[in-house]
Amino acid sequence: MKRFTLLVAIIMALLVPQSTNARTGVTYSPGASGFSIETNSDAQQVKLRIYKDGLGGKPVKTVNMKREQAGGTLWQATVKGDLKGKFYTFDVKYGGKFRGECAGIWATAVGVNGKRGAIVDMTETDPQGWKADVRPNIPAKDLVLYEMHHRDFSIDESGGFTYKGKFLALTEPRAINHLKTLGVNAVHILPSFDYASVDETRLNEPQYNWGYDPVNYNVPEGGYSTDPYKPEVRINEFKQMVQALHKAGIKVILDVVYNHTWNIDGSNFQLTRPDYFYRKNADGSYSNGSGCGNETASEREGMRQYMVESVKYWVDEYHIDGFRFDLMGVHDIETMNAIRNAVPQDIFIYGEGWSAGNCAYPGDKLAMKAHIQQMPGIAAFSDCIRDGLRGPWDSNSKAAFLGGVKGYEESLKFGIVGAIQHPGVDYSKVNYSKAPYATEPTQMIAYVSCHDDMCLVDRLKASVKGITTDELIRLDLLAQTVVMTSQGVPFMLSGEEMLRDKKGVHNSYESPDSINHLDWDNMERYPQVMEYYKNLIAMRKAHPAFHMGSADMVRRNLDFLPTENCLVAFHINGKNVPGEQWNDIYVAFNTHKRARSIEVPEGTYTVVCRNIKCDQAGLTTIKGGKVTIPAQSALIIHN
Ligand code: CA
């Protein structure tokens with residue numbers, strides 16, 4: 001009996017949360033709703049207010065919350081009756097002053113503009129068939145990522161969408177068919193949690209923002225819903241979006257921005273636990289590693305746990321397939337590993353392996369690109385391949401490989417092997433990383449453009465003097481051929497497939513629709529671009545040689561050909577790659593304004609990519625020996 005009691009005690013100790021509750025907020029049942037909030041230990045009082053609406057009006061009830069234990073940090077209240085459809089706020093008193101009402105850090109439903117938490121029966125937010133929704137099974141090595149902003153994608157009349165700029169646009173056949181035709185299998189959506197910069201009470205007016213100004217981390221953004229006043233609508237519509245994409249075999253990746261909040265004083269963090277969630281400098285000022293005025297402190301237990309629980313929540317409640325961490329280099333390595341270990345292995349995690357300023361935390365503990373080897377199963381964007389192609393990030397007009405500037409060949413090679421150790425790369429000549437950083441090639445994101453900086457068309461126009469439309473298309477297709485034949489995980493910005501431009505605006509985070517929108521008429525203007533992109537992506541997906549997924553295999557089976565400036569070429573021994581139908585594959589990139597050549601062994605080869613045409617079934621055949629690559633284009637042949 002005694003032994004049994006001890007066993008129960010041990011089990012209880014393991015099951016019962018320790019000093020901190022992972023998720024606070026509200027738990028709803030028709031008979032009563034429970035509220036909880038965590039504060040710092042010096043909090044003096046917490047008021048809970050219940051409202052009829054998400055904005056305005058007087059509280060219908062005000063409750064003094066009870067401290068769980070003297071000097072404790074957890075406060076609770078139970079309110080009897082059916083509160084479904086009501087709203088709530090917390091107001092915490094420190095030093096004799098209430099700090100102000102907020103939804104708390106764990107609201108999972110909110111009213112308009114995220115000012116008040118909402119009491120919702122989450123089971124009623126599921127669309128029909130939601131229980132049967134499953135994440136598509138696509139290993140990291142097979143992913144092709146498509147980064148998009150809801151409003152960019154569907155706002156313009158030319159798109160013909162019913163739900164312009166909304167989550168629901170991604171449920172429309174026009175969207176699904178486009179994505180399936182293009183062949184991407186993961187949509188990475190720019191911030192889609194509740195952010196501050198779009199006023200949800202004025203959605204009849206055009207408002208644009210990327211959304212890197214988080215308010216409520218665990219609630220979808222109201223501006224992308226058809227009714228931000230009804231808390232369950234955005235939740236339901238977000239789920240419909242995920243469901244439609246999953247049905248099409250497309251994963252949904254969330255852009256998460258835990259590294260900073262839109263402001264300090266008004267944030268849920270600061271209103272409930274002042275100064276707990278933010279890093280400070282030695283002089284007491286707030287550190288600004290995010291470049292947005294503040295930086296969170298992932299190394300603190302409560303912040304780390306918050307990030308872990310938030311990510312788990314999106315996976316469990318919304319069936320999210322992966323996460324892109326904004327300024328991942330602001331977070332610490334231990335937290336990123338804790339997140340990795342808290343979610344299933346098929347959840348794809350990647351981030352920006354840098355910060356936007358100095359962080360108030362030891363640099364060797366930050367989740368920077370150079371530390372990716374300490375973070376198995378986490379990938380980082382490669383600025384080496386990006387800038388090696390288009391030109392350096394601190395200039396809009398400097399060209400690199402694409403512009404026919406010599407000296408970037410090793411940066412391309414670095415990106416082609418997926419940032420791993422490879423005998424064919426001279427790391428001393430790589431633009432930024434003077435050493436390989438990835439253990440496996442799936443730890444590197446290959447890309448040439450994203451929402452930040454100029455899009456590819458604008459950058460080419462700004463950096464290649466006197467560029468013609470023909471050259472623009474040639475170099476655009478060449479750039480994506482490098483990306484799509486990289487052993488890293490390829491990533492493209494939405495609209496590149498229709499030769500989008502942003503009229504030269506390099507930081508379009510709040511530019512009007514006229515700058516950011518996709519012009520779907522471009523599909524008819526430049527049909528050869530979409531044609532090439534889809535054929536290129538289809539070829540990558542059909543040929544394991546282009547995404548081996550293992551550093552050892554890449555080292556064994558990929559070797560570079562001796563070449564000259566502005567010419568990079570490699571060979572893959574397809575015979576050694578499981579599932580690969582092609583034997584020897586040769587890939588070459590030439591950015592000279594005239595044809596160049598490479599030497600390949602004698603024999604007959606099938607050409608699958610040449611002179612801005614790509615078709616894995618074969619365009620023509622050629623003889624080995626000296627093989628010509630036309631000006632400013634890619635060549636891919638195999639036998
Ligand atoms: Ca919002």
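Bear in mind that the values here come from a model prediction, so they are computed numbers and not experimental data. Start at 1 and go down the list; that is how both ligands and their atoms are numbered.
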Quiz prompt | Lys/Arg cation over aromatic Y51: R116, 6.0 Å, 45° cone | solution = yes
Self-check item: Cation-pi check, K280 onto Y286 ring (under 6.0 Å, within 45° of axis)
Solution: yes
Self-check item: Pairing residues for C102 by the side chain to side chain contact (heavy atoms under 4.5 Å, CB included) criterion, not counting sequence neighbours
Solution: N268, L271, T272
Exercise. Please work out which of the three classes, parallel, tilted or perpendicular, describes the rings of Y217 and F193, given edges at 30° and 60°.
Key: tilted
Self-check item: Atoms of protein origin (N, O or S) under 3.0 Å from the Ca ion (ligand 1)
Solution: D194 OD1, Y195 O, E200 OE2, E221 OE1
Exercise. Determine, using ring centers only, whether F90 and W106 are less than 6.0 Å apart.
Key: no
Self-check item: Modelled atom types, side-chain donor and acceptor of Y28 and D82, under 3.5 Å
Solution: yes
